[in-house]
Amino acid sequence: MNSHTILGIMQTDIMESLLTAQQQRLMDTLLDNLDGMIYRCLYDDSWTMIYVSKGCEMLTGYPPFSLLLNKETSYERITHPDDREMARGIIAEAVSKHERFELEYRIIRADGEVLWVAERGSGVFDDGGQPVALEGIIQDISRRKQIEQALFSTEQKYRSMFDNSTLGMFQTTESGTYLNANPALAKLYGYASAAELISDLNNISTQLYVSENRRSEFTEAIRSYGRVQNFESEVYQHDGKAIWISENAHAVYDTLGNILYYEGTVEDITERKNHERQIRQLAVTDNLTGLLNRHAFSGKLASLIAEADKMQRKIAIAFIDLDHFKLINDTLGHRAGDKLLEKVAQRLIQSTRPTDEIVRFGGDEFVMLYPGLRSVDDAEPLLARVMETISQPIEINDYVFNMTCSVGVSIYPDHAQDIDTLLSCADSALYSAKNAGKNKAQMFSGTLAQQLGERNEIEYGLGHALQREELMLYYQPKINMQHGNISALEALIRWQHPERGLIPPDQFIPVAEETGHIFAIGEWVLQTACQKIKSMQKEWGYLVPVAVNVSPIQFLRGNLVETVQRVLRQQRVPPHLLTLEVTENARFKDEAMFTRTLEQLKHLGVCIAIDDFGIGYSNMAYLKNYPIDELKIDKAFVQDLEQSVTNGNILLALVNLGKSLHKSVTAEGIETEYQHQFLLHSGCDVGQGYYYSRPLSEQALAEFMRKQKPKFDHLQRVAG
Ligand SMILES: Nc1nc2c(ncn2[C@@H]2O[C@H](COP(=O)(O)OP(=O)(O)OP(=O)(O)O)[C@@H](O)[C@H]2O)c(=O)[nH]1
């Protein structure tokens, strides 16, 4: 039985008289054990109590008797002064309508404590319908009030944070409408107020996100992981302008685990995104020319490939490298070089179709991407145009340059399907164009690939050749033509390749020169040749001079002088027993460096021979000035001697020239008795060729020594 029922009973006067003593006791027990105070009071100014339950004391601090008939105090006085009017007003209104009343107010307990109470009750009316009394129950609600107060202040606190936050905050339904938004979010999305945002933005998926699927990605992520973090999206503001935002959000669930709503924060990251875009842009732009740089290459080609696949078209990848560009830098300086590169870039832009892409790959290298080709032949006019464009005179600092370029071309999808291979095919073709004399465009081909494959194999093998002891020296005697003695040996390098067999130097030395392996190989040759001098001295009792070939690259870039000095010292070989054979071509370009190096070598005491004399440099004036000991006439003049009178004349002239300059003259490639006799009678000092001996391996040389017991010139030379 609840208190309402009890009140109902109380309101019925008749019932009172009908109550048996037993029922009365039961009633008292119930009333006295109820939380709060059951009362009946007169409807007067003091709320004069005519009945109060025992709960009176607990609630007010006054025992029931002190309140009954206002003996010590009245309920009007117990009611908090500030709430009296309000309480009386609510009760009066309900009573006037014969309705139940319910109200909350404060009382002042006997000990002075202020207590919140809730009162429910109704009026008691006389037969004329006039209110004579009130009946009801008053209960302590201070605990509930405290909780409410705490909740309220918490709510206030969070509401304040929500309203004043500079971060946008929201609650949205799963389906994409706003339940709540704070002013910062409204501002961020360009609305005058949160209310306007909530009413206007009712389909987040289509109205907010720029990308069609972004909202479903958002909801999917929350469903999978319970939250999204730093979820970056491009969104439309109210006026249609796009901005970038970052969202952190999670789902709020009910007790059954159903999603109630999403809530989260939004940050405007447009500035950061713009910044990032600028940085990205800078990262793919070449500073000097404003063209795309090599970092942009793969991305560009990838998107052109996707397009080409759709349209069933081909792409030409043209790798362009200016010819002799270094000369501009070296002669006019880097600034002028830069200007030239800028002009070339402008020319390239002018010469391309809007669909073409130009990338400055680095230095003086550019890559053109020509999409939309129907056949490989379509590339030809484009390449011709680009070469023509570059070859137009370029004026810089009052100088006019006639630049040329070499171009290597690969075609997608004919030569390769992937970006790296396409590029390396174009690069290989470029390499071949350069090697073939520059100023040409070379299309990649299978044959080219094979040649390059072989070259790469050589390059790869060269990396290990020294450690694996695959290099060896052969020795070819040089014969003193007057006495027939051996005057020296020329050391000739060979490579015993594990799969390809014996490889002659012309097949791998150019690769070694390009790759820089030449420096290690060159030093090894020097070391081995000097060891040979020592071992021949030990085994045969002779000091035999040995000549080694020195690459022009060693001459121009290496520390040749230091190396030679070190090797001679290490091997304890007298310098005059070592001859360095330098090809005539080694004199190219850096004349001053060449002269300096020759002089330093000469200063060490080694002999210098000019190899392949007669076929290289046309101005022979240098012979006068350089510290050269020996001229080696190229075998081209010796080989056809029997048939060619001209060759004979040239040979005589070359020998005479050498003799008149007091150089030792050696003729190479002597193969016949006739050639030997001719040169002997022309006054040539030394002969070399198959007529005397082929180049000999270590073993063959030992055998040669054992069987032929040749004589040596050395004693004269040493003594002399
Ligand atoms: N001025 C200038 N020079 C550069 C720049 N980047 C690289 N280089 C130089 O460009 C030259 C390019 O080298 P190469 O292509 O081997 O020189 P090259 O003389 O054109 O040689 P070939 O291509 O064989 O004809 C090097 O000397 C680099 O130092 C640049 O931004 N400005």
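Atoms within a ligand are numbered from 1 in the order they appear, just like the ligands themselves.
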**Q.** D685 (side chain) donor-acceptor with V665 (main chain) under 3.5 angstrom
**A.** yes
Q. Atom 8 (N) of ligand 1: which protein heavy atom is closest, and how many Å away?
A. N329 ND2, 4.0 Å
Q | Within reach of ligand 1, part of K434 (heavy-atom separation under 4.0 Å) | A | side chain
Q) What is the closest protein heavy atom to atom 11 (C) of ligand 1, and at what distance does it sit? A) F325 CD2, 3.8 Å
Q: May I ask you to list the atoms of ligand 1 that are less than 4.0 angstrom from any heavy atom of D323?
A: 20 (O), 25 (O)
(Q) Less than 3.5 Å apart, any donor N or O on the side chain of K632 or Q688 sitting next to an acceptor on the other? (A) yes
Q. Would you say K339 contacts ligand 1, with heavy atoms under 4.0 Å as the rule?
A. no
Q: Write out the residue and atom name of the closest protein heavy atom to atom 25 (O) of ligand 1, then the distance separating them to 0.1 Å.
A: H324 N, 2.6 Å
Q: Please report which non-hydrogen protein atom sits nearest to atom 24 (O) of ligand 1, along with the residue it belongs to and the distance in Å to one decimal place.
A: K438 NZ, 3.0 Å
Q | Atom indices of ligand 1, in the order listed, that fall short of 4.0 Å to a heavy atom of G363 | A | 6 (N), 7 (C)
Q.
Before we go on, tell me: are the rings of F361 and F319 under 6.0 Å apart, centre to centre?
A. yes
(Q) Please check: side-chain N/O of S391 versus main-chain N/O of M403, any donor-acceptor pairing under 3.5 Å? (A) no
Q: Using modelled atom types only, decide if a donor and an acceptor are shared between the side chain of H415 and the backbone of I411 within a distance under 3.5 Å.
A: yes
Q. What is the closest protein heavy atom to atom 2 (C) of ligand 1, and at what distance does it sit?
A. D338 OD1, 3.2 Å
Q. Hey, is the main chain of T289 close enough, under 3.5 Å, to the side chain of D286 for a donor-acceptor pair?
A. yes
Q: For Y475 and A491, work out which heavy atoms get closest and say how close.
A: CE2-CB, 3.9 Å
Q. Can you tell me which residue and heavy atom of the protein come closest to atom 27 (O) of ligand 1, and the distance to 0.1 Å?
A. K326 CG, 3.3 Å
Q. What residue and atom, counting heavy atoms only, is the protein's closest point to atom 5 (C) of ligand 1, and at what distance?
A. R360 NH2, 3.8 Å
**Q.** Heteroatom distance test (L288, ligand 1): nitrogen or oxygen, under 3.5 angstrom
**A.** no
Q: Check salt bridge (Lys or Arg N to Asp or Glu O under 4.0 Å) between E671 and all other residues, then give those that pass, not counting sequence neighbours.
A: none
Q. Quick one: nearest non-hydrogen protein atom to atom 13 (O) of ligand 1, plus distance?
A. D364 OD1, 4.2 Å
Q) Less than 3.5 Å between some nitrogen or oxygen of L341 and one of ligand 1, yes or no? A) no
(Q) Need the ligand 1 atom indices (1-based, order shown) with element for anything under 4.0 Å from a heavy-atom of G337. (A) 1 (N)
Q. Is a side-chain donor or acceptor of S410 paired with a backbone partner of L422 at a separation under 3.5 angstrom?
A. yes
(Q) Keeping Q554 on the side-chain end and F519 on the backbone end, is there a donor-acceptor pair under 3.5 Å? (A) no
